[in-house]
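In this text, all values refer to a predicted model and were calculated from it rather than measured experimentally. Letters A, B, ... are given to chains in the order of the sequence lines, protein chains preceding strands, and every chain is numbered from 1. Only heavy atoms go into these numbers, but all of them, side chains included; no hydrogens, no water, no symmetry mates.
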There are 2 protein chains.
Amino acid sequence: MTVPESPIRLLLADDHPVVRAGLRAVLETEPDFEIVADVPTAEQAVALAAQLDVDVVLMDLQFGGRMLGSQATASITAREGAPRVLVLTTYDTDADILAAIEAGATGYLLKDAPPEELAAAVRTAAAGKSALAPAIALRLMDRMRAPATALSRRETEVLQLVADGLSNAQISKRLFLSQATVKSHLVHIYSKLGVDSRTSAVAAATGQGLIRR
Amino acid sequence: MTVPESPIRLLLADDHPVVRAGLRAVLETEPDFEIVADVPTAEQAVALAAQLDVDVVLMDLQFGGRMLGSQATASITAREGAPRVLVLTTYDTDADILAAIEAGATGYLLKDAPPEELAAAVRTAAAGKSALAPAIALRLMDRMRAPATALSRRETEVLQLVADGLSNAQISKRLFLSQATVKSHLVHIYSKLGVDSRTSAVAAATGQGLIRR
DNA sequence: CCCGGCATCAATCAAAAGGTGGAAGCCGGG
DNA sequence: CCCGGCTTCCACCTTTTGATTGATGCCGGG
């Protein structure tokens with residue numbers, strides 16, 4: 001790989017100091033990379049991505065704070081001439097992956113990726129091409145192949161509340177629905193997931209990463 | 001802090017290359033630390049802890065592979081003149097914390113700890129004193145204060161199967177019990193956790209790290 | 001423009017789960 | 001040795017959940 005005249009300018013966003021240091025250490029050795037900043041919050045990532053001249057943002061998905069990585073990704077990619085966003089996360093729930101891609105992320109990597117893979121993904125992203133980790137790509141393929149597993153937005157919402165331990169009555173109040181509607185959603189969820197009870201639905205959905213645990 | 005004549009010799013065990021690099025970067029700057037090796041598996045950690053002369057092992061809990069960090073911790077601390085083990089993890093389920101401490105870990109840290117805290121914990125561990133992250137210490141205090149939260153072995157077993165999505169009938173068959181007994185266990189579980197349904201029991205228990213998710 | 005999926009609701013019946021109040025044997029600690 | 005917690009079980013009753021069937025309005029793609 002030849003070293004280009006202008007280096008790829010990177011912004012790192014992760015709430016773990018150790019991970020930021022690790023990314024710095026791994027990426028700084030690449031001659032064509034320049035790390036312009038690293039920040040511990042999604043808010044700062046949004047702010048700096050706008051202020052500084054950045055090519056690629058490496059963004060964690062789960063921050064300790066309130067703003068989600070996917071929201072930050074959406075904010076960053078919304079503006080003109082926005083940098084590419086490479087999502088970098090540990091665990092991979094289907095919902096998160098889809099949220100990130102919908103938010104405009106150019107790529108999606110797992111933190112256990114080897115350094116070379118990481119560097120390659122950054123270059124791919126800088127070139128404007130999408131970079132998905134093999135495990136993630138597989139997930140998406142599975143998703144495409146079995147569209148039955150895809151829960152609708154509302155269904156996911158209901159199932160998440162079920163997983164939080166709410167009864168049908170509580171869910172109906174929370175979402176301003178009748179219990180009949182909640183039951184109806186659940187029937188559809190069960191048939192899509194191939195189960196026949198709320199607990200097994202939660203187990204199946206968490207297993208597939210459809211909802212947060 | 002004065003620099004001792006002999007540095008503290010460290011072994012890093014984490015399956016994420018980025019985290020290993022980050023720990024190296026953060027800890028290498030400390031003049032009294034010497035990193036003798038970093039490994040990506042629990043098995044290698046056990047092997048090297050025995051071969052090399054190590055003072056403190058920084059051990060991740062969740063490895064991608066089969067061996068658990070807590071098992072590795074137990075293996076390492078079992079032998080004579082064993083190094084201290086500092087457990088370093090992202091998420092903190094009560095079960096994991098207790099398992100690690102029972103396995104002989106000297107300390108328990110969260111990965112979002114700032115570098116200074118990390119270094120301080122390593123020195124504390126090297127001196128043979130226990131090092132617990134504030135959040136973890138809090139957890140343990142809570143645990144002590146509210147013994148009602150402690151489920152019995154059998155109750156935990158039942159609740160785990162509930163979380164896996166089994167019905168009372170399925171659980172009774174699996175454990176060779178009558179449904180009456182399963183119900184009885186569940187009633188006790190509900191009162192201990194302060195809930196009134198299986199789904200909320202699962203939610204509460206996973207929230208407190210009482211069962212695997 | 002029409003079909004299908006989504007979201008909303010109703011009614012009814014059957015099954016599962018939860019609540020209550022026991023009871024018995026086992027085992028370990030004060 | 002006796003008390004209390006754990007584990008096992010029973011019966012009865014209420015509430016919740018699941019299964020079925022059917023209906024309405026909305027919206028987006030072929």
Trainee: Identify which one of B:Leu61, B:Leu58, B:Thr106, B:Val57 satisfies the side chain to side chain contact (heavy atoms under 4.5 Å, CB included) criterion when paired with B:Val87.
Mentor: B:Leu61

Trainee: Strictly below 4.0 Å: does B:Ser184 bring a side-chain N or O up to OP1 or OP2 of D:dT8?
Mentor: no

Trainee: For C:dA17 and B:Ser197 - does any side-chain N or O of the residue sit under 4.0 Å from the phosphate oxygens OP1/OP2?
Mentor: no

Trainee: Starting from C1' on C:dC6, measure out to NZ on A:Lys183 and report it in whole angstrom.
Mentor: 20 Å

Trainee: Does the side chain of B:Thr181 get closer than 4.0 angstrom to OP1 or OP2 of D:dC9 through an N or O atom?
Mentor: yes

Trainee: C:dG18, D:dC6, D:dG18: which one has an atom nearest the side-chain heavy atoms of B:Tyr190?
Mentor: C:dG18

Trainee: Just checking, is any N or O donor in the side chain of B:Ser178 or B:Thr181 under 3.5 Å from an acceptor N or O on the other one?
Mentor: yes

Trainee: If you look at every heavy atom in A:Val56 and A:Pro83, which pair is closest and at what distance?
Mentor: N-CB, 4.3 Å

Trainee: Over how many whole Å does the gap from A:Arg198 atom CZ to C:dG18 atom C1' extend?
Mentor: 13 Å

Trainee: With a 4.0 Å cut-off on N to O distance, would you call B:Asp164 and B:Arg174 a salt bridge?
Mentor: no

Trainee: B:Ser167 side chain: which of D:dC10, C:dG19, C:dA17 is closest?
Mentor: C:dA17

Trainee: Return the value, rounded to whole Å, for the distance between atom CD of A:Gln170 and atom C1' of D:dT17.
Mentor: 14 Å

Trainee: What is the distance, rounded to the nearest whole Å, between atom CG of A:Leu166 and atom P of D:dT16?
Mentor: 14 Å

Trainee: Side chain of A:Leu186 only, heavy atoms from C-beta on: which candidate in C:dA10, D:dG18, D:dT8 is closest?
Mentor: D:dG18

Trainee: Of all the choices, D:dC10, C:dA7, C:dC9, which nucleotide is nearest to the side chain of A:Leu177 once you look at every atom?
Mentor: C:dC9

Trainee: For B:Arg153 and D:dG5, what is the distance between atoms CZ and C1' respectively, to the nearest whole Å?
Mentor: 14 Å

Trainee: Taking A:Arg20 for its side chain and A:Asp14 for its backbone only, find out whether a donor-acceptor pair lies under 3.5 Å.
Mentor: yes

Trainee: If each of B:Thr199 and B:Ala180 is mapped to the nucleotide of DNA chain D with the nearest heavy atom, which maps nearer the 5' terminus, i.e. the 5' end?
Mentor: B:Ala180

Trainee: Can B:Leu118 and A:Val18 be said to form a side-chain contact (heavy atoms from CB on, under 4.5 Å), step by step?
Mentor: CA-CA 10 Å; B:Leu118 228 162; A:Val18 170; 3.6 Å; yes

Trainee: Heavy atoms only: give me the nearest A:Glu117-A:Ala113 pair and the separation to one decimal.
Mentor: OE2-CB, 4.0 Å

Trainee: When you get a sec, tell me which of D:dT20, D:dT8, D:dC10 is the closest nucleotide to the side chain of A:Val187?
Mentor: D:dT20

Trainee: Can you tell me the distance, in whole Å, between the NE2 atom of A:His188 and the P atom of D:dG18?
Mentor: 14 Å

Trainee: Rounded to the Å, how far apart are B:Asn168 CG and C:dG19 P?
Mentor: 12 Å

Trainee: Between atom CG in A:Leu175 and atom P in C:dC9, what is the gap in whole Å?
Mentor: 10 Å

Trainee: Would you work out how much the helix from C:dC1-D:dG30 to C:dG30-D:dC1 bends between its ends, with each end axis defined by five base pairs, to 10 degrees?
Mentor: 40°

Trainee: How many angstroms lie between atom OG1 of B:Thr89 and atom CG of B:Asp112, to the nearest 0.5 angstrom?
Mentor: 10.5 Å

Trainee: Looking at B:His185, I'd like to know whether one of its side-chain N or O atoms comes within less than 4.0 Å of OP1 or OP2 on D:dT8.
Mentor: yes

Trainee: Between D:dT7 and B:Ser152, is there an OP1 or OP2 to side-chain N/O distance shorter than 4.0 Å?
Mentor: yes

